Amino acid sequence: MVKITYLGQMCFHIETDTLSIVTDPYLSDSVDSPTSKRNYPAPTTLCELMPDVIVISHPHGDHLDKKSLEPFYRLRRRSFTLVPAPSAAEIRSIYGAPTEMHAPAPAAWGEPFELAGVKIIAIPCAHTELHQDESGDFRELSYIIEAEGKKIFFGGDMSMYDGLLEPLAAAKLDAMLLPVNGRDWFRTSRNIIGNLDSNEAAELAAKCGTKIFIPGHHDLYDTNGCPNDWIEYSAKKFSAPLKLLKVCESVEI
C-alpha cells in the first residue's frame with residue numbers, strides 16, 4: 001500500500017512501507033506578493049514530515065523553496081535530495097555543506113535511484129519547452145516512483161512534448177500527479193510559465209490508462225490556479241479517473 005497526501009501546489013507526501021518521500025516541498029509563503037497570496041497556510045513543515053527522500057522537479061521558488069528546505073537541512077538528518085543537475089549547486093548552498101544528492105544525467109530516461117526497495121526514475125520535463133544547460137543536463141524533470149508494486153508519475157511543472165506520451169502509456173502507471181493550472185498570454189506576459197491545462201492533464205491520464213489522476217497546482221494561488229469545476233468537467237470529458245484532493249487529504253493505492 002502506498003499513501004499519497006496533497007500538501008498544496010505540487011507538494012505531495014508519498015508514504016511507502018519503507019520510505020517517506022516529499023515532492024517539490026513548498027511549505028512556506030516565500031513566493032507571496034502584494035497581489036498574490038496563499039489561499040491557505042502551509043499545512044506542515046519538512047521537519048515535521050521528516051522525509052527520507054526529497055524530489056525536486058525544477059528551481060522555481062514554489063518548487064525548490066529555500067524557506068522550506070533550510071530548517072530541515074539544518075537538522076543534518078540523513079536524507080537524499082533528487083534534483084536536476086543544473087540545480088545541484090543551489091541545493092548545496094541551502095544545505096551549507098556537502099549533502100547526499102542524486103542529479104540524473106541527461107538521458108531520455110535517467111538511471112534509476114534506488115533505496116529501501118523504492119525505485120525513482122527521472123524523465124526530461126518540458127516546462128512549456130525542454131530546457132538544457134551547456135552540459136546537456138535538463139533543467140526540469142518529472143519522475144516515476146515505483147514502490148510496493150505500484151508506479152506513480154510525478155509530473156512537477158510540465159507540458160507535453162513529442163515522445164513523452166508513448167513511454168508513459170507503456171509504463172502502466174497506477175497514479176499520475178499532474179499540474180492543471182494551464183497557461184495563457186496574460187500570465188506569460190507576467191513571466192508566469194504555464195503547464196498542462198485541465199483538459200490536457202485529463203486526456204493524458206486517460207490515454208495512459210492510469211488508475212488515479214490527482215491534480216495539483218490548482219488551488220493555492222488564484223492568480224495561477226484552476227477552478228475545481230473545470231477540473232471535474234475535463235475529467236468527465238475524457239473519462240479520466242479523477243481524485244480531487246483537498247489540502248491534507250490522502251488516497252491509498
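All figures in this text were calculated on a predicted structure; none of them were measured in a lab.
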> Quick one: are P51 and L46 in side-chain contact, heavy atoms under 4.5 Å?
Replying inline: yes

>> Quick check against the 3.5 Å criterion: does D197 have a side-chain atom that pairs as donor or acceptor with the backbone of V180?
In response: no

>> Can you tell me how far apart CG (L177) and OG (S57) are? Round to the nearest 0.5 Å.
In response: 11.5 Å

> Quick one: are T44 and H13 in side-chain contact, heavy atoms under 4.5 Å?
Replying inline: no

> Are any non-hydrogen side-chain atoms of L27 and L49 less than 4.5 angstrom apart?
Replying inline: yes

> Distance only, no hydrogens: is a donor on one side chain within 3.5 Å (strictly under) of an acceptor on the other, for D157 and H60?
Replying inline: no

> What are the two closest non-hydrogen atoms of L64 and S87, and how far apart are they?
Replying inline: CD1-CB, 4.0 Å

> Does M176 share a hydrophobic cluster with F238, counting links as ILVMFWY side-chain heavy atoms below 4.5 Å and allowing steps through other members?
Replying inline: no

>> Checking Y233 against S198 for the side chain to side chain contact (heavy atoms under 4.5 Å, CB included) test, could you report, in this order, the C-alpha distance in whole Å, the side-chain angles of both residues, the deciding distance, and whether it holds?
In response: CA-CA 9 Å; Y233 173 84; S198 60; over 6 Å; no

> Would you say the side-chain atoms of N224 pair up with the backbone N or O of N181, donor to acceptor, closer than 3.5 Å?
Replying inline: no

> What pair of heavy atoms forms the shortest contact from D62 to V31, and how long is it?
Replying inline: N-CG1, 3.8 Å

>> Would you say that more than 12 heavy atoms from the other residues, nucleotides or ligands in this model lie under 6.0 Å from the OH of Y40, or not?
In response: yes

> Which atom pair, heavy atoms only, marks the closest approach of E148 to T16?
Replying inline: OE2-CB, 3.7 Å

> What heavy-atom pair brings P179 and A201 nearest, and what distance separates the two atoms?
Replying inline: O-CB, 3.8 Å

>> Using side-chain heavy atoms (C-beta onward) and a distance below 4.5 Å, is P241 in contact with I212?
In response: no

> Judged by atom type as modelled, is there a donor-acceptor pair below 3.5 Å linking the side chain of T23 to the main-chain atoms of M10?
Replying inline: yes

>> What I'd like to find out is whether the side chain of F72 reaches to under 4.5 Å of the side chain of M50, using heavy atoms alone.
In response: yes

> If every non-hydrogen atom of A205 is compared with every non-hydrogen atom of A240, which pair is closest and at what distance?
Replying inline: CB-CB, 4.4 Å

> If you round to the nearest 0.5 Å, how far is OG of S68 from CD1 of I54?
Replying inline: 9.5 Å

>> Using only atom types and a distance under 3.5 Å, with no angle test, would you say the side chain of T18 pairs donor to acceptor with the backbone of G117?
In response: no

> Is a side-chain donor or acceptor of N39 paired with a backbone partner of D219 at a separation under 3.5 angstrom?
Replying inline: yes

>> So, taking the atom named SG in C125 and the one named CE in M160, what distance separates them when rounded to the nearest 0.5 Å?
In response: 10.5 Å

>> Apply side chain to side chain contact (heavy atoms under 4.5 Å, CB included) to residues I144 and L173 and explain how you reach the verdict.
In response: CA-CA 9 Å; I144 291 179; L173 301 164; 4.1 Å; yes

> side chain to side chain contact (heavy atoms under 4.5 Å, CB included) between I145 and V118: does it pass, once the steps are laid out?
Replying inline: CA-CA 7 Å; I145 300 168; V118 176; 4.1 Å; yes

> Short question: side chain of S159, backbone of T128 - any donor-acceptor pair under 3.5 Å?
Replying inline: yes

>> Could you check whether atom NZ of K37 has more than 12 heavy atoms from other residues, nucleotides or ligands sitting under 6.0 Å from it?
In response: yes

>> With no hydrogens and no angle check, just 3.5 Å: does a side-chain donor-acceptor pair link T81 and Y73?
In response: yes

>> How about CG on D162, more than 12 heavy atoms from neighbouring residues, nucleotides or ligands closer than 6.0 Å, or not?
In response: no

>> Is there a side-chain contact between Y221 and R38 in this structure, where contact means two heavy atoms from C-beta onward sitting under 4.5 Å apart?
In response: yes

> So how far is it from E90 CD to K66 NZ, rounded to the nearest 0.5 Å?
Replying inline: 9.0 Å

> Rounded to the nearest 0.5 Å, how far apart are CD1 of I14 and NZ of K150?
Replying inline: 14.5 Å

> Is there a donor-acceptor pair under 3.5 Å between the side chain of E48 and the backbone N or O of T45?
Replying inline: yes

> Heavy atoms, side chains only, cut-off 4.5 Å: are D65 and P25 in contact?
Replying inline: no

> Cluster question for you: counting only ILVMFWY and a side-chain heavy-atom cut-off of under 4.5 Å, with indirect links fine, are W230 and L204 together?
Replying inline: no

>> If I take atom CG from residue L82 and atom CD1 from residue I121, how far apart are they, to the nearest 0.5 angstrom?
In response: 11.5 Å

>> Out of the candidates H58, H127, H131, only one should pair with E140 under the side-chain hydrogen bond (donor to acceptor under 3.5 Å, both in side chains) rule; please name it.
In response: H131

>> Run I253 and I152 through side chain to side chain contact (heavy atoms under 4.5 Å, CB included) and show every step you take.
In response: CA-CA 10 Å; I253 59 172; I152 301 163; 3.8 Å; yes

> Going by an N to O cut-off under 4.0 Å, is there a salt bridge joining R183 and E200?
Replying inline: yes

> Would you say the side chain of L168 lies within less than 4.5 Å of the side chain of T210, judging by non-hydrogen atoms?
Replying inline: no

> Would you call the rings of F12 and F154 parallel, tilted or perpendicular if under 30° counts as parallel and over 60° as perpendicular?
Replying inline: perpendicular

> Between the side chain of Y6 and the main-chain N/O of I214, is any donor-acceptor distance below 3.5 Å?
Replying inline: no

> Same hydrophobic cluster for L165 and L196, using side-chain heavy-atom links shorter than 4.5 Å among ILVMFWY?
Replying inline: yes

> What pair of heavy atoms forms the shortest contact from D24 to I56, and how long is it?
Replying inline: OD1-CA, 3.2 Å

> Looking only at side chains, do S234 and N199 share a donor and an acceptor under 3.5 Å apart?
Replying inline: yes

>> Keeping D29 on the side-chain end and D32 on the backbone end, is there a donor-acceptor pair under 3.5 Å?
In response: no

>> Given 3.5 Å as the limit, does a donor-acceptor pair link the side chain of K151 with the main chain of A171, or not?
In response: yes

> If two hydrophobic side chains count as joined below 4.5 Å and joins carry through other members, does V22 share a cluster with L75?
Replying inline: yes

> Out of curiosity, does V247 fall in the hydrophobic cluster containing Y26 (side-chain heavy atoms, cut-off under 4.5 Å, transitive links)?
Replying inline: yes

